[in-house]
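Okay, handing you the structure first.
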Amino acid sequence: MFQKYRSTAEKIGDNMKMVGIIFSNIYDATMGELTKHRTVASLPFGGRYRQIDFVLSNMVNSGIASVGIITKYNYQSLMDHLGSCSEWDMNRKNGGVFILPPFGTGVTSIYKGKIEALYGAVAFLEKVNAEYVVMSDSTVLCNIDYDKVLEQHIDSGADVTVIANKDQKDTDEVQDLVLEVNKKGKVTDLAIQCTAEENSYIGMGMYIINRQLLLDTIRDSVAHGLYHFERDFLQRKYMKKQIDIGVYHFERTVLRNRNITAYFRNNLKLMDDKVRSEIFCENSPIYTKVRDEVPTYYGDDCEVDNCLIADGCKIDGMVENSIIFRDVTIEKGCHVKNCIIMQGTTVNKGTNLEYAIIDKDVVITENRTLIGADTTPIIINKGEKV
Amino acid sequence: MLKRRKECVAMLLAGGQGSRLKVLTEETAKPAVPFGGKYRIIDFPLSNCVNSGIDTVGILTQYQPLELNDYIGNGQSWGLNRNYGGAHILPPYAKSKKSEWYKGTANAIYQNMHFIELYNPEYVLILSGDHIYKMDYAKMLKFHKEKKADCSIAVIDVPVEEASRFGIMNTKEDDAIYEFEGKPKKPKSTKASMGIYIFKWSVLKEYLIRDEEDSKSSNDFGKNIIPALLADEKKLYAYSFKGYWKDVGTIDSLWEANMDLLNPNIPLNIKDPNFRIYARNYAQPPSFVSKSAKIDNSMVAEGCNIKGTVENSIVFTGCTIEEDAVVKDSVVMPNTRIQSGAKIEYAIIGECADIGKDAVIGKDPLYCINSEEWGISVVGSGKKIADGRVIKEKEII
């Protein structure tokens with residue numbers, strides 16, 4: 001028990017060194033209907049979370065005191081979710097969470113890439129008292145301790161450390177950033193928007209960078225009309241041998257929700273004991289907005305196989321291999337299989353659902369049959385009545 | 001200085017040991033005992049306060065307060081983290097002249113008169129942390145004002161045969177109380193006191209001071225303050241409450257009240273979005289229910305890993321029920337592990353307990369020859385039960 005307190009105490013000293021930046025919108029376009037009325041950051045995931053919960057909890061658990069969240073549009077749901085950030089213990093006098101909406105200066109308007117997005121955060125980054133910046137997207141979910149990354153970053157003397165993993169199963173997909181690294185840990189190739197070889201490192205959209213370097217980069221890039229962080233900064237400077245890039249090899253589970261199919265499959269991956277234990281760690285919990293729901297009631301005739309079920313539900317039907325969010329009702333005679341059912345939805349009697357993503361507050365009337373496929377699950381939009 | 005005031009301040013008596021809960025209150029105060037899957041008993045009166053618009057609550061603690069203090073924190077979970085008002089933990093404290101423990105319920109309030117004066121209230125609501133119920137105190141306060149009462153006491157209709165277990169209020173037609181009988185042998189009415197009082201603060205203050213001066217007094221609301229008010233012909237009224245109200249002071253009643261949550265005919269709706277019961281939240285992931293699991297007519301909170309069989313039971317947050325383990329008609333409190341092959345029936349398993357493989361705890365009353373000897377089995381908090389150990393019916397470990 002005291003060990004736990006001690007390790008936290010050690011962190012206090014270290015982590016005044018880091019400040020966090022989270023991009024909430026960058027990949028909105030890839031999630032179709034699901035992000036029509038929300039940011040990818042506030043997209044529900046894993047039964048009771050929003051994607052940002054994983055990213056923000058990682059930062060909080062690493063002891064980072066100040067986090068800026070860069071937003072563009074549709075961020076009302078995100079603001080509503082975060083509230084005063086008390087659930088993350090980020091309602092602080094010193095530090096806390098700063099929402100950074102687009103800052104209209106005349107130089108940039110709505111941004112096209114991360115660097116432009118960061119331009120709105122310049123004032124925040126200038127003011128904050130930290131030497132290093134941890135940047136993260138909100139589509140790659142994992143449970144990571146940024147302290148360890150910082151340790152490597154400082155030891156290696158790199159200008160930027162890219163957090164990456166090796167993912168053999170993901171070799172078909174086009175990745176944002178792929179790195180080849182030799183035995184000495186030196187980056188030998190850096191490619192963007194390409195598929196990965198078996199041994200290559202795939203970027204996780206998370207970086208640690210020296211704050212002054214980042215500030216200079218933002219100003220310089222905006223002045224030159226450059227906006228893409230990976231292409232215009234990392235790749236360009238790497239080619240010119242102007243920066244030293246380090247790679248941090250992250251070995252635990254990584255869930256990349258880069259499109260709807262991946263998002264759907266990654267949700268269902270949580271049924272795996274190993275995946276769950278590596279995402280939800282006892283010592284680094286994932287925090288989220290508290291809704292004060294009652295515990296879930298399982299009825300007499302229910303049959304639940306391999307499911308992740310949040311609070312406040314009433315389960316009377318048959319549910320297989322599915323993620324059930326808070327306050328969902330599944331009536332008798334229903335058969336729900338391989339589905340994601342979001343908060344507040346009601347599935348009425350005798351309905352048959354397979355491979356479907358049912359958004360929040362949907363009502364599915366009696367005796368419906370909706371069947372999608374693993375690659376293209378059916379999506380029912382928020383608040384619809386089927 | 002301009003003095004702000006609160007109309008009504010609540011004082012929650014949470015210092016009781018609850019010795020009849022035995023091992024469950026060995027290291028914690030009764031109000032901190034877990035209930036209903038994710039709550040603790042104190043969540044009910046606290047949520048009632050918040051839902052009734054009362055935002056200033058003094059929580060009087062004495063017996064084993066650590067867990068309770070930690071649980072309440074700054075009151076944020078109930079929306080009671082206020083600059084003016086909010087939740088306040090009030091333990092007994094050393095004073096310049098005389099320092100003492102809380103001698104009785106009335107003395108506990110007497111010792112905290114300065115706290116109440118801070119808010120200069122017109123009314124004081126006295127509550128206890130022993131019962132499970134949902135009540136809008138605002139309605140009772142309205143009644144109190146309408147009757148221009150000095151004291152209002154919430155009462156509930158109990159069956160005649162049980163009336164002799166309670167403090168009974170004998171009332172006139174207009175609900176005015178003319179007599180109070182503690183546990184009467186021949187009850188004249190069935191209006192049992194719920195231990196919920198609203199006082200006009202000026203009146204209560206006077207009687208608390210007078211009661212304190214009386215060295216023979218046992219400083220108790222029911223035994224001393226109420227009889228004194230009646231003797232002086234003060235205006236006392238009985239406010240009739242209809243709904244679910246249950247004392248959870250014994251092993252049996254705690255088990256029953258938990259089971260009531262599974263009974264659709266019991267009028268306690270904890271799922272009402274307009275009257276939520278708030279609780280401290282511990283960032284647990286959703287519960288995982290595996291293919292080998294079988295859950296029937298049960299309540300399971302978040303953070304559980306269910307691989308065994310659960311029937312007619314309440315499983316609290318963060319529990320693990322391994323494969324081939326069976327939990328029937330039982331209450332499994334937070335963060336407990338039931339290992340494979342264990343069989344739990346008609347039992348209460350305390351927090352953070354670890355039940356070994358193939359252990360057998362409790363018994364179905366149907367299979368008990370002598371029903372007199374049957375009872376709920378209890379495993380205390382943090383206890384480790386060895387593999388294969390048998391804990392009989394009614395046994396308390």
Task: Evaluation steps, ring-ring contact (aromatic ring centres under 6.0 Å, His included), between A:Y49 and A:Y287 - done: CA-CA 8 Å; A:Y49 304 98; A:Y287 306 97; 9.8 Å; no

Task: Heavy-atom proximity to chain A below 4.5 Å, by part of B:Q76 - done: side chain

- [ ] Indicate whether any N or O donor in one side chain lies under 3.5 Å from an N or O acceptor in the other, for A:Y355 and A:D374.
- [x] no

- [ ] Heavy atoms only, distances under 4.5 angstrom: which of B:S77, B:C304, B:S47, B:A301 has the most pairs with chain A? Name it, please.
- [x] B:A301

- [ ] Could you tell me which portion of B:N81 (side chain, backbone, both or neither) has an atom closer than 4.5 angstrom to a non-hydrogen atom of chain A?
- [x] neither

Open item on the list: Any salt bridge linking B:K307 with B:D324? Criterion: basic side-chain nitrogen under 4.0 Å from a carboxylate oxygen.
Closed with: no

Task: Residue-level contacts of residues 282-292 of chain B with chain A, using a heavy-atom cutoff under 4.5 Å - done: B:A283, B:Q284, B:P285, B:P286, B:S287, B:F288, B:V289, B:S290, B:K291

Task: Which portion of A:L308 sits near chain B, non-hydrogen atoms under 4.5 angstrom - done: both

Task: A:D53 versus A:T288, side-chain donor and acceptor atoms under 3.5 Å - done: yes

- [ ] Could you look at A:E293 and say if it's the side chain, the backbone, both or neither that has a heavy atom under 4.5 Å from chain B?
- [x] both

- [ ] With a 4.5 angstrom heavy-atom cut-off, could you sort out which part of B:K294 is near chain A: side chain, backbone, both or neither?
- [x] neither

Open item on the list: Could you tell me if B:N297 and A:D300 have a donor-acceptor pair between their side chains, going purely by distance under 3.5 Å?
Closed with: no

- [ ] Using a heavy-atom cutoff of under 4.5 Å, enumerate the residues of residues 331-348 of chain B that contact chain A, numbered in order, or state 'none'.
- [x] none

Open item on the list: Is a donor from one side chain sitting under 3.5 angstrom from an acceptor on the other, for B:W78 and B:D43?
Closed with: yes

Open item on the list: So, applying side-chain contact (heavy atoms from CB on, under 4.5 Å) with B:V310, which one of B:V315, B:D296, B:V326 is it?
Closed with: B:V315

TODO: Side chain from CB out, backbone as N, CA, C, O: work out which of these in A:F280 comes under 4.5 Å of a heavy atom of chain B, or both, or neither.
DONE: side chain

TODO: Considering only heavy atoms and a distance below 4.5 Å, find which of A:G312, A:A310, A:G47 pairs most often with chain B.
DONE: A:A310

Task: A:D311/A:R48 salt bridge by N-O under 4.0 Å criterion - done: no

TODO: Would you mind listing every salt bridge (charged side-chain N to carboxylate O under 4.0 Å, His left out) that reaches into residues 352-363 of chain A, with sequence neighbours excluded?
DONE: A:R38-A:D359

Open item on the list: Using 30° and 60° as the class boundaries, would you call the ring planes of A:F54 and A:F45 parallel, tilted or perpendicular?
Closed with: perpendicular

Task: Heavy-atom check, side chain of A:T296 versus side chain of A:I315, under 4.5 Å - done: yes

Task: Residue among A:N306, A:D316, A:D327, A:I323 with most heavy-atom pairs under 4.5 Å to chain B - done: A:N306

Task: Inter- and intrachain pairs under side chain to side chain donor-acceptor pair (under 3.5 Å), touching residues 27-36 of chain B, at least two apart - done: B:T28-B:E67

Task: Polar side chain donor-acceptor pair, A:S138 to A:S24, under 3.5 angstrom - done: no

Open item on the list: Shorter than 4.5 Å, heavy atoms on both sides: which option in A:C302, A:P295, A:C313 has the most such pairs with chain B?
Closed with: A:P295

TODO: Can you see which heavy atom on B:A10 is nearest to which on B:I54, and at what distance?
DONE: CB-CG2, 3.9 Å

Open item on the list: For B:I306, which atoms come within 4.5 Å of any heavy atom of chain A: side chain, backbone, both, or neither?
Closed with: neither

Open item on the list: Under 4.0 Å between a side-chain nitrogen and a carboxylate oxygen: does that hold for B:K246 and B:E256?
Closed with: yes

